[in-house]
Amino acid sequence: VRQTVIAIDGPAGAGKSTVARLLASRLGLVHLDTGATYRLVALRALDEGRSLDDPSALAALAREVAAETTLGPDGELAFRGRPVGERIRTAEVGEAASRLAAYPPVRTAMVQFQRALVPPAGAVIEGRDIGTVVWRDADVKAYLDANETTRAKRRAQPVADRDRRDTERPVGGLRPADGALRIDTTDISAEEVAERIMQRLQRAQTPAPPEARPSAFIRAVRGAWAAILRGPLKMTVEGAQNIPVQGAAILAPNHRSLIDIPVLAALTKRKVWFMGKEELFASKLGNTVFSALGGFPVRRGKPDRRALNMALRLLANGALVGVYPEGTRRPDARFEDVEDGFAYLALKSGAPIVPIALIGTESVFPKGRKLPRRARVRVLVGEPFSVGGPVDGIVPRQNVHAATALARQRLIAVMDEIDPRP
Ligand code: DC
């Protein structure tokens, strides 16, 4: 099985434990609180009357404790077979933990200790150096923070001294890992925080697209199709050079016929990935053919996070993705009604939108007809435009509305150009 690891770092009182427990129960993984491992070693040191000023003796103690500690399915540490319980939660133990955690030899021992506790299925691991040291290739790294007053209130004790010690130590100091999802938990619920991390996980686990080059299958289908477009369908194309030859872009055509995406695919040598309604993928044959052509299913009617994540992942990899702004076939429409999924994708990925007007496809393959008819197809590809990008990694809803409105105007302009209204 694939291992799933979520790394959660942040200062005391940021809400790591609550969020980690929520995530662990949703994902059926154990929760590993590495602070508890430091606390356990600190408790042993205090119980045995050891000096807190001897790094190598404390490192040796850490290895001894590690050898006799296990992690229960509920995330509870057991030392010599007994749950460690609440004794590690006192302020005195927390203080001692923070002190011994500053010694590099102790940290080396602790990191080994913690890694050994992670079961094959993975874990939600919380601490200070998980994303930076303990589990650098975690599926998701999150960094939680909150303002100091809030954190002190949650801990029912001051946190400033602890913050300083945990941040300023030379090894394993607290800092956000590269690429970490940073969340300020001051004003949001633990459920909301967990939800954002779940979203990031879902995206991280969507398989990376294989290659951006069209397969032999696609090239063969496209060759035959291009012959039909140039022959019986007498297709004329303007602006094909506006389709970028490399890099991410969202192809946004109007939608009048089943052949709209294949028409686009014939305009570029690149592979065009596209969102297709899930019904197309329902049969085994449909699934095989449409997937091989670069399609992936989308559930219509409400936002489909899986499909959006797949599209984002493709765009992050520099792919061309075709999306119908109108959402469904609207044979008489001229982009008057567009949904906002495509604008969200553009904002979130920062990829440009390529506006495309298709005329005549509705006559080739009108809705409800089983066999194609001869008709003339005209295509106008407009210039790519950007609607902006995320703000701090987030796409505010009102920005999506504004981007949708802007994009809609550009789409209508291209439509008006190829097919002026009387
Ligand atoms: O999160 P906590 O308060 O239970 O952690 C206790 C101490 O352990 C904390 O002050 C610093 C240390 N710690 C650490 O250095 N690295 C970790 N990954 C987790 C905790």
Side-chain angles (χ1 to χ4, degrees), residues 5-21 23-24 30-46 52 55 58-59 61-62 65-66 69 71 75-77 79 83-118 123-136 138 141-146 148 150-177 180 185 190 193:
V5 171
I6 297 185
I8 304 182
D9 291 303
K16 301 186 298 294
S17 295
T18 312
V19 169
R21 268 193 287 271
L23 287 167
V30 293
H31 162 212
L32 170 56
D33 172 4
T34 60
T37 65
Y38 284 94
R39 286 168 179 268
L40 174 58
V41 173
L43 176 67
R44 298 300 308 157
L46 295 173
L52 291 181
L58 290 168
L61 175 66
V65 173
T69 303
L71 179 65
E76 172 114 54
L77 293 174
F79 178 68
V84 300
E86 290 302 307
R87 283 192 65 212
I88 61 167
R89 297 294 160 195
T90 64
E92 189 197 7
V93 171
E95 222 15 62
S98 176
R99 279 181 61 187
L100 62 85
Y103 299 130
V106 173
R107 298 201 71 83
T108 306
M110 294 305 288
V111 168
Q112 282 176 14
F113 177 12
Q114 293 152 7
R115 286 180 184 152
L117 290 172
V118 175
V124 181
I125 315 178
E126 65 161 292
R128 303 291 189 289
D129 59 343
I130 311 307
T132 52
V133 177
V134 177
W135 220 276
R136 280 198 211 91
K141 299 175 186 181
Y143 187 88
L144 310 190
D145 205 346
E148 194 184 312
T150 306
R151 294 191 293 108
K153 211 182 291 165
R154 288 178 185 161
R155 280 280 166 126
Q157 56 179 281
V159 291
D161 284 348
R162 188 91 86 75
D163 284 356
R164 199 170 327 107
R165 201 174 311 134
D166 290 344
T167 309
E168 289 176 1
R169 64 181 175 231
V171 174
L174 174 65
R175 63 178 174 81
T185 67
V193 177

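All ligand and atom numbering here is 1-based and tracks the order in the structure. These numbers were taken from a predicted model, which means no experiment stands behind them.
Ranking the protein heavy atoms by distance from atom 8 (O) of ligand 1 puts Tyr38 CB, 3.5 Å first. Considering only non-hydrogen protein atoms, atom 11 (C) of ligand 1 sits nearest to Asp166 OD1, 3.2 Å. Counting protein heavy atoms only, atom 1 (O) of ligand 1 is closest to Arg128 NH1, 2.9 Å. Scanning the protein heavy atoms around atom 19 (C) of ligand 1, the nearest turns out to be Thr34 OG1, 3.3 Å.
Looking at Arg99 against ligand 1, nothing comes within 4.0 Å, counting heavy atoms. Looking at Arg155 against ligand 1, only its side chain comes within 4.0 Å, counting heavy atoms. Counting heavy atoms under 4.0 Å from ligand 1, residue Arg162 touches it through the side chain alone.
Using a cutoff of 4.0 Å between basic side-chain nitrogens and carboxylate oxygens, Arg155 and Asp161 are not scored as salt-bridged.
Taking each of Arg39, Arg89, Lys16 in turn, the one with a heavy atom nearest to atom 4 (O) of ligand 1 proves to be Arg39. Of the options Ala101, Ala12, Gly35, the smallest heavy-atom separation from atom 12 (C) of ligand 1 is shown by Ala101.
Residues Leu23 and Ile8 form a side-chain contact, since some pair of their non-hydrogen atoms from C-beta on lies under 4.5 Å apart. A heavy-atom distance below 4.5 Å is found between the side chains of Lys16 and Arg128.
At least one heavy atom of Arg107 lies less than 4.0 angstrom from ligand 1. Ligand 1 lies out of reach of Glu126, whose nearest heavy atom is not under 4.0 Å from it. The shortest separation from a heavy atom of Gln114 to ligand 1 is not under 4.0 Å, leaving the residue out of contact.
Side-chain N/O atoms of Thr37 and Gln114 include a donor and acceptor closer than 3.5 Å. Side-chain contact of Thr185 with Arg154: a donor-acceptor pair under 3.5 Å is present, judged by distance alone.
Applying the 6.0 Å contact sphere to CZ of Arg115 captures more than 12 heavy atoms from other residues, nucleotides or ligands.
Per-residue contacts place Asp129 under 4.0 angstrom from the following atoms of ligand 1 (heavy atoms of the residue considered): 16 (N), 17 (C), 18 (N).
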